[in-house]
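Data first, discussion second: the structure below is written as structure tokens.
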Amino acid sequence: MSFEHNYEAGRESLLTGLNPEQKKAVLTEGGPILILAGAGSGKTRVITHRIAHLILDRNVPSWRILAITFTNKAANEMRERAEALVGEVGSMWIGTFHTMMLRILRRDCERVGFRPDFSIIDTDDQRRAIKEVLVGMGLENTTIPLKEFVSKISSAKNEMISPDKFKAEVKHNPYLSTIASVYAEYVKYCRRHNGFDFDDILLYTLQLLQENEDIRERYQERFLHILVDEYQDTNKVQYELVKLLSAKHRNLTVVGDDDQSIYRFRGADITNILDFEDDYPDATVIRLEQNYRSTKTILNAANAVIAENEARKKKRLWTDGEEGAPITFYLAEDHSHEARFVVRDIRNKLHSGSKADFAVLYRASALTRNIESSLREYGISYQIFGGLRFYDRKEIKDVTAYMRLALNQADDLALIRIINTPKRGIGDQTLEALRDAAAAQGISMLAAARQAHEIESLQRYAAKLMYFVGIIDKMTATLMSSDTSFAAFIEEVIRDSGLAAELEKQIQTDLSARTRLENMQEMASDALEFEKKYLAGEIVAAWADEGMDPETAANEIDDSLEAIVRAYLEQSALYSDQDRQSQKPDVNLMTIHSAKGLEFDHVYLIGAEERIFPSPFAEEEAFGIEEERRLCYVAMTRAKKQLTITAARSRLLYGRTQYNPPSRFLATIPDDLVNEIGGKKEVTPAMRAERSFGVMFDTMEKLESIRRKKAAEKPVRKPGDNGILWTALSVGQAIQHTRFGQGEILAITPTGDSAILRVRFASGEKRFVSDSADLSL
DNA sequence: CATTGATCGATTTTT
DNA sequence: TCGATCAATG
């Protein structure tokens, strides 16, 4: 297809088939625009057509457009669909927050004190780094679990709380103070090792832009139009970045749906979208409420559920489509009956020759087990979505770590990962001696290993250490010589590291060894592909500067092996290839979270029970139930033709049998939309009397749950006697008690007019009624 | 230093 | 129930 052809075709079809609101979203000239795009309302279509319109009809150079998404998958889809309309958009910045910000950061990272050969610290490395820091601080025996450090540090970064600020806020709380000092040391550790973790990529870019007027102006000037997808999922840092970058031209289009905000646990702040009109009083607000996906029945049910939420932009999806089949609710005896019901239904539909697609959705992945075994029993192919990603596999990361260390010999985290992989007789003792020696001399661990003969504490390990250094040095030499292809280099790494030999040895005894070996070999064939793309300018040409034509840009590419490896490592850190999917299975299994943005003819929502969905954790947080309800809304609106919801009277989960009543969310679905099998979707008196629900669901429990429900959904928002407004509190917040001193809120349980707070003090945990206890902020 | 049994603990996930 | 992670043994 020629460029001209695309151009004309794009122009013609740009507005045809769009409804008036969609047209408005495409054509609105500029300024701040908020597009509230309901589920299945043609969101991606609108964004891509808007981009095409800007380029084709308003002559905006493609390099002056910045389009931001949350996943690479979404970015690729957007790019492809935009290219189908416009032709070449190679020089347009379309990508995830992290990819885009890394481009900015790479160019000027020295201004925030990092060298250009920085590495990216992924979640694995992050844990390793924190462990290192704990050892360095003599805290290796702390009772605080590692993931507590990881999550607290990450949310502090997401909320832009510096270590100093964190420390000051919690100085009376020993528990949080420990975390604060580890946070501070961790930040130093990353800086010392010249590494950015995922949060840092955004945080340091923001700092770079804030502190350097010339750089800020450069990008503010460049980006004439900025579009942000899934705006309801942005966190504080992302919010600030978008605000800063769009400040000059103010052509900011944000697209999202507050009803589908389901990522608070990773820092998403729904108020970013709810308050957009306050931030930009002159914003054009466009509501896309016509749904092109689901039947009337499904939509009405979903609308009824989400209408219960208070913190939302009022919006009501409608459709021209058919009434459709009623929703099926099945109350199963137990988890195996539930699974069999779902799988039989799928089998019947498959046997009737239907070409439909199927998805089984669930709140927590532990629920897949029964479904999986039933599917196997019936011989139906399935695929679990969002499982382990290619680049996250151990064997792949090991190979990557060798490359990282060869490239950047100061990368201690990579060294720690592989110095004894495969086994070389280097254990904790050696590692500790090495770590100490490196720290004492102020050099990297690899550098210390190289001097093992000269450093007294290392002499007894010298032979083994020098052997390892030799392996890395050989790789580094290849890397610098540049007469080796990238694929050949990877092959060398796989061979010389001993990783291949190790796996070949294991093949006899370990069935998975073969797969792992194949995965490593796949890396080498991947490398060939990558090198080709890189040299063709498909990887970095888009980094080209303002207005540079693609050909010149391609010629500017650094074609040394070192540069290619660097680009590859970057991609493997930021890219979790979801397009690697093999042939289409009959059924897709996934969590509700990973189903967002997808659609299926038939959707089965399993485990629709209290204590599973909503998750018991949600009760602890103010407005936690609202997020669960949004999750339910997302699940329901994935279905195009038919929705089936199931629950079980008894369920074996985590080794215990639970007796859970059907989810409270089901009660809000109008009865006339539902065909009930095996029991009612509401909790009836008869059901309560049933022995099977047992003690887990007796009157006490029931009363409490009703009270909680009322409290959570209709919170009284006035301060108590002590002046505390419980709805304004959040878990993790610091609070004072006259007798116990400074504490941290661990949980908030709504109880009608007020809430019960669980607070951790230096002296232990205590519970208080939020509006009458001797508390202050 | 490597292997093995005990213990803990358990949402949701992308980059 | 199952898996990962951690202290005691060969």
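Chain naming here is simple, since letters A, B, ... match the order of the sequence lines and numbering starts at 1 in each. Quick caveat, the model's predicted, so the values are computed rather than measured.
Phe385(A) has its ring centre no less than 6.0 Å from the ring centre of His593(A).
The CG atom of Asp199(A) sits 18 Å away from the P atom of dT13(B) (whole-angstrom rounding). Protein atom NE2 of His593(A) is 15 Å distant from nucleotide atom P of dT15(B), rounded to whole Å. The distance from atom CD of Glu140(A) to atom C1' of dC6(C) is 14 Å, rounded to the nearest whole Å. In this structure, the CD1 atom of Ile201(A) is 7 Å from the C1' atom of dT15(B), given to the nearest Å. Regarding Asn370(A), its CG atom lies at a distance of 11 Å from the P atom of dC2(C), rounded to whole Å. Look at CG on Asp428(A): it is 11 Å from C1' on dC6(C), rounded to the nearest Å. One can place NZ of Lys147(A) at 9 Å from P of dG9(B), the figure rounded to the nearest angstrom. Separating the OH atom of Tyr391(A) from the P atom of dT14(B) is a distance of 16 Å, rounded to the nearest angstrom.
For the pair Ser594(A) and dT13(B), the criterion of a side-chain N or O lying under 4.0 Å from OP1 or OP2 is met. Proximity of Ser365(A) to the phosphate of dT12(B): a side-chain N or O atom is located under 4.0 Å from OP1 or OP2. In terms of phosphate contacts, Asn420(A) brings no side-chain nitrogen or oxygen within less than 4.0 Å of OP1 or OP2 of dC1(B). For Thr99(A), no side-chain nitrogen or oxygen approaches OP1 or OP2 of dT15(B) to under 4.0 Å. Listed pair Tyr654(A) / dT11(B) meets the phosphate criterion, a side-chain N or O lying under 4.0 Å from OP1 or OP2.
If you check every strand for non-hydrogen atoms under 4.0 Å, Phe97(A) touches nothing. Across all strands, Gly427(A) comes closer than 4.0 Å only to sugar-phosphate atoms, never to a base (heavy-atom distances). In this structure, Phe265(A) reaches the bases: a heavy-atom distance under 4.0 Å links it to at least one base atom across the strands shown. Across all strands shown, Thr591(A) has heavy atoms under 4.0 Å from sugar-phosphate atoms exclusively, and none from any base. Among the heavy atoms of the strands lying under 4.0 Å from Arg363(A) is at least one base atom, whether or not backbone atoms are also near. Glu628(A) comes within 4.0 angstrom of a nucleotide base, judged by non-hydrogen atoms across all strands.
For Leu574(A), whose side chain is taken as the heavy atoms from C-beta onward, the closest listed nucleotide among dC6(C), dT11(B), dT15(B) is dT15(B). Between dC1(B), dA2(B), dT1(C), one nucleotide has an atom nearer to the side chain of Lys423(A) than all others, and that is dA2(B). Of the candidates dT12(B), dT5(C), dT15(B), dT5(C) carries the atom nearest the Arg127(A) side chain, counting heavy atoms from C-beta on. Comparing dC1(B), dT14(B), dT12(B) against the side chain of Thr71(A) picks out dT14(B) as the nearest.
Within the 4.5 Å cutoff, the side chain of Glu132(A) has heavy atoms near those of the Arg435(A) side chain.
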### Query
Can you list the steps and then say if Phe118(A) with Leu102(A) is a side chain to side chain contact (heavy atoms under 4.5 Å, CB included)?
CA-CA 11 Å; Phe118(A) 60 77; Leu102(A) 199 58; 4.0 Å; yes

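For the C1' atoms, the distance linking dT12(B) with dT5(C) amounts to 22 Å, nearest Å.
Applying the 5.5 angstrom centroid cut-off and the 30 degree plane-angle cut-off, the aromatic ring of Phe70(A) is not stacked upon the base of dT15(B).
Residues satisfying the side chain to side chain contact (heavy atoms under 4.5 Å, CB included) criterion with Ser119(A), sequence neighbours excluded, are Asn408(A), Asp411(A).
The residues Asp257(A) and Lys43(A) are annotated as not salt-bridged, no charged nitrogen and carboxylate oxygen being separated by less than 4.0 angstrom.
When all heavy atoms are compared, the tightest approach of Met590(A) to Asn588(A) is CE-CB, 3.6 Å.
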